[in-house]
S.K.: 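One structure, as structure tokens, below. Some questions next.
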Amino acid sequence: MRHNSPATALAQGTGQAVAKAILLGEHTVVHGTPAIALPLPALPVRAVARPTTGSGIAASGSFGFLAGAAAPATPTPSGPRVAVEEALRRWGIEAETVEVVVYCDIPLARGLGSSAACAGAAVRAVADLYGRELDPAALYDLVQCGEQVAHGRASGIDASAVLADGPIRFHAGTARPIDVGMDAALVIADTGVSGSTQQAVADVRRRLAADPRAARRLLDRAAELIDAGAGALSAGQTRTLGATMLEFQDLLGELGVSTPHIDTLVAAALAAGAHGAKLTGAGLGGCVLALTDTDAAPSVSTALRRAGAVQTWTVRTAGLRAGALSLSASTPERGIPS
Ligand code: MEV
């Protein structure tokens, strides 16, 4: 183990985190239901942190930022910067300044957890730089500090899923591994439209507050669907899980976070033989997730692209069970193995 004195740093530190997809429970999880999510290791984020005197970003990645004492003040610091500055404070080295360069394979603002993954990779890189031990709870907590900035009111599902080893059931701030007894495929389709999580979360909160009794009914129904979906995933009941996803999509439509483009992609996936499909993440753009038999995945993927998806990725659920996720991409130029 390396020396842990306040400002002893290596020349550089590195850290990694991955994308996530929410299978069921986005938005309602902010209001107390569980949610089911899975990490996507084939869509990674890598961060490199170096000590600096604050003179600027030397290297180029997807983006870079300065954090700490000599970093320029900004009215709206990014989630990753907030997470890193909170880490420096907690470690008692807030007099330090670091340069963080982030290499991100996750499309930004598409519901795949890019903000949480970038924060997770950045905090891990800075911990590595200063030789700090990070237990999972401390890391989650720091990423959540950044997520509160990115989401307005973050449930913690993204922070948990981008740091998880496999699929999780998340409830009230606690993530537990969930069994996957299914060999099917999940096709993720990018609408090509950036959605603002903060706006979507605020819109949903307003809508629920406007009619508390209807909100209670909707949240109770959501919780039932999430439990049914978790059971179906464990028991290998593909049709039941697909039907549950579709019902959840209807509910997300009622919450106002679906769009005509998302509805078109959902319909295209179903017409091509998917068992179910729904938006994943905050909506208002972002990505659609379709559940299909593995042999139908290529035609579902093609149908989604014909209906306007800008790129698709396919995840085998059998890989989720083994903890070694396999993912193939329709657009290998992003550097994802196909
Ligand atoms: C975003 O990926 C998931 C939301 O439920 C927000 C959150 O849980 O923090 C929309």
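Whatever order the structure lists ligands and atoms in, that order sets their numbers, starting from 1. We number each residue from 1, following the sequence as shown.
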S.K.: Starting from the N and O atoms of ligand 1, collect every protein N/O partner closer than 3.5 Å and put each pair on its own line with the distance to 0.1 Å.
M.R.:
from: ligand 1; atom 1: 2 (O); to: K20; atom 2: NZ; distance (Å): 3.0
from: ligand 1; atom 1: 2 (O); to: D158; atom 2: OD1; distance (Å): 2.9
from: ligand 1; atom 1: 2 (O); to: D158; atom 2: OD2; distance (Å): 2.9
from: ligand 1; atom 1: 5 (O); to: H27; atom 2: N; distance (Å): 2.8
from: ligand 1; atom 1: 8 (O); to: S155; atom 2: OG; distance (Å): 2.6
from: ligand 1; atom 1: 9 (O); to: H151; atom 2: ND1; distance (Å): 2.9
from: ligand 1; atom 1: 9 (O); to: S155; atom 2: N; distance (Å): 2.9

S.K.: Any side-chain heavy-atom pair from F63 and V101 closer than 4.5 angstrom?
M.R.: no

S.K.: Would you say Q16's side chain and A121's backbone share a donor-acceptor pair under 3.5 angstrom?
M.R.: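 No; judged by distance alone, with no hydrogens or angles, the pair does not exist.
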
S.K.: Run the side chain to side chain contact (heavy atoms under 4.5 Å, CB included) test against D295 and tell me which residues pass, sequence neighbours left out.
M.R.: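 Listed in chain order: D293.
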
S.K.: Kindly write out the residues that satisfy side chain to side chain contact (heavy atoms under 4.5 Å, CB included) with R239, not counting sequence neighbours, or none if the list is empty.
M.R.: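 R239 satisfies side chain to side chain contact (heavy atoms under 4.5 Å, CB included) with H275 only.
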
S.K.: R46 and T14: side-chain donor and acceptor closer than 3.5 Å?
M.R.: no

S.K.: For residues 27-45, pull every pair meeting side chain to side chain donor-acceptor pair (under 3.5 Å), keeping only residues two or more places apart or in separate chains.
M.R.: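 Of all non-adjacent pairs touching residues 27-45, those that pass side chain to side chain donor-acceptor pair (under 3.5 Å) are T28-T33.
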
